[in-house]
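Both ligands and their constituent atoms are indexed starting at 1 by order of listing. Remember, it's a predicted structure, so these values are computed and weren't measured experimentally.
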Amino acid sequence: MEQASVKLQIHDISLSFGGIRALQAVSFSVRRGEILAVIGPNGAGKTSLINSITGFYRPDAGAIIFDGRDITHLPPYKRAQLGISRTFQNIALYTNMTTLDNLMAARHIHMRSNMLTGALFWGPAQREEIEHRRVVEEIIDFLEMEAIRKTTVGSLSYGLRKRVELGRALALEPTLLLLDEPMAGMNVEEKEDMARFILDIHERQGMTIMLIEHDMGLVMDISDRVVALDFGCKIAEGTPDEIKNDERVIKAYLGQVQ
Ligand SMILES: Nc1ncnc2c1ncn2[C@@H]1O[C@H](COP(=O)(O)OP(=O)(O)O)[C@@H](O)[C@H]1O
Ligand SMILES: [Mg+2]
């Protein structure tokens, strides 16, 4: 594959916790501008993969190349600054704060490169704050969150909290979005909304998205390609149609207790 068309390259990464081999020599690429789904039974290593890409986990072996740059040894905040942003399988928001403040906090925490300047000069700090506010207001508009902008996140429905979390990930203005089961636990209507927002982000911003999802129907509907994991190993990679008919994938899923 031509290097320019590769957004993220996972090269032979392995990760163990004691005797548990969460990832075993996993390699694949995420192409620029695609939606890649990662599927696999519980415990297959999907979240560990996202944690390795964001730098929260350090693989024992292998390399991670982002936009042609080796980021294997960079700390999480540097990866975030380079454009990698994620949502969590279990929502991780400030529940006592409003939607607006959660999004603003994301920018303040991850983008304080000018903190010192900001503290010394009123002008630049003010300009930076206005820019943060502009980006956040755009996201609130885009994700149709006007009605909940001043609502405390803890009092929102599960589906809306997931949407705020997506907003928070977008507030970092990423070029690679990692979504860990963004639709899990949602009702049908919430799932449809979330799928629509993911597709909109992809289409309007040309965002590269890696998405972990259990619902095979949804995966088939929204992803360009699929990687399947089982017991930490990549067992298949291909188009949704190829994956749907792959013997090892079918077997891995049939063996799963739902
Ligand atoms: N921080 C951790 N400490 C110990 N074991 C872990 C940790 N994170 C993941 N694991 C183990 O690694 C394996 C893969 O987990 P995970 O990546 O969460 O799978 P998935 O997201 O596909 O369900 C599981 O056996 C899990 O128990
Ligand atoms: Mg997981």
Using 30° and 60° as the class boundaries, would you call the ring planes of His132 and His108 parallel, tilted or perpendicular? perpendicular
Hey, is Lys251 close enough to Glu247 for a salt bridge, meaning N to O under 4.0 Å? no
Among all residues two or more places apart in sequence or in another chain, which pass the side chain to side chain donor-acceptor pair (under 3.5 Å) test with Glu190? none
Which residues pass the side chain to side chain donor-acceptor pair (under 3.5 Å) test with Asp230, not counting sequence neighbours? none
Rounded to the nearest 0.5 Å, how far apart are CG of Leu160 and CD of Glu144? 11.0 Å
Judged by atom type as modelled, is there a donor-acceptor pair below 3.5 Å linking the side chain of Glu213 to the main-chain atoms of Ala37? no
Keeping Ser27 on the side-chain end and His11 on the backbone end, is there a donor-acceptor pair under 3.5 Å? no
Listing by chain and number, which protein N, O or S atoms are under 2.8 Å from the Mg ion (ligand 2)? Thr47 OG1, Gln89 OE1
Would Asp241 and Thr239 count as a side-chain hydrogen bond (donor to acceptor under 3.5 Å, both in side chains) if you check the C-alpha gap in whole Å, the side-chain angles of each, and the deciding distance to 0.1 Å? CA-CA 5 Å; Asp241 269 337; Thr239 63; 5.6 Å; no
Are any non-hydrogen side-chain atoms of Phe142 and Ile201 less than 4.5 angstrom apart? yes
Who are the residue neighbours of ligand 1 when the rule is a heavy atom under 4.0 Å from any of its atoms? Phe17, Ile20, Ala22, Pro41, Asn42, Gly43, Ala44, Gly45, Lys46, Thr47, Ser48, Tyr57
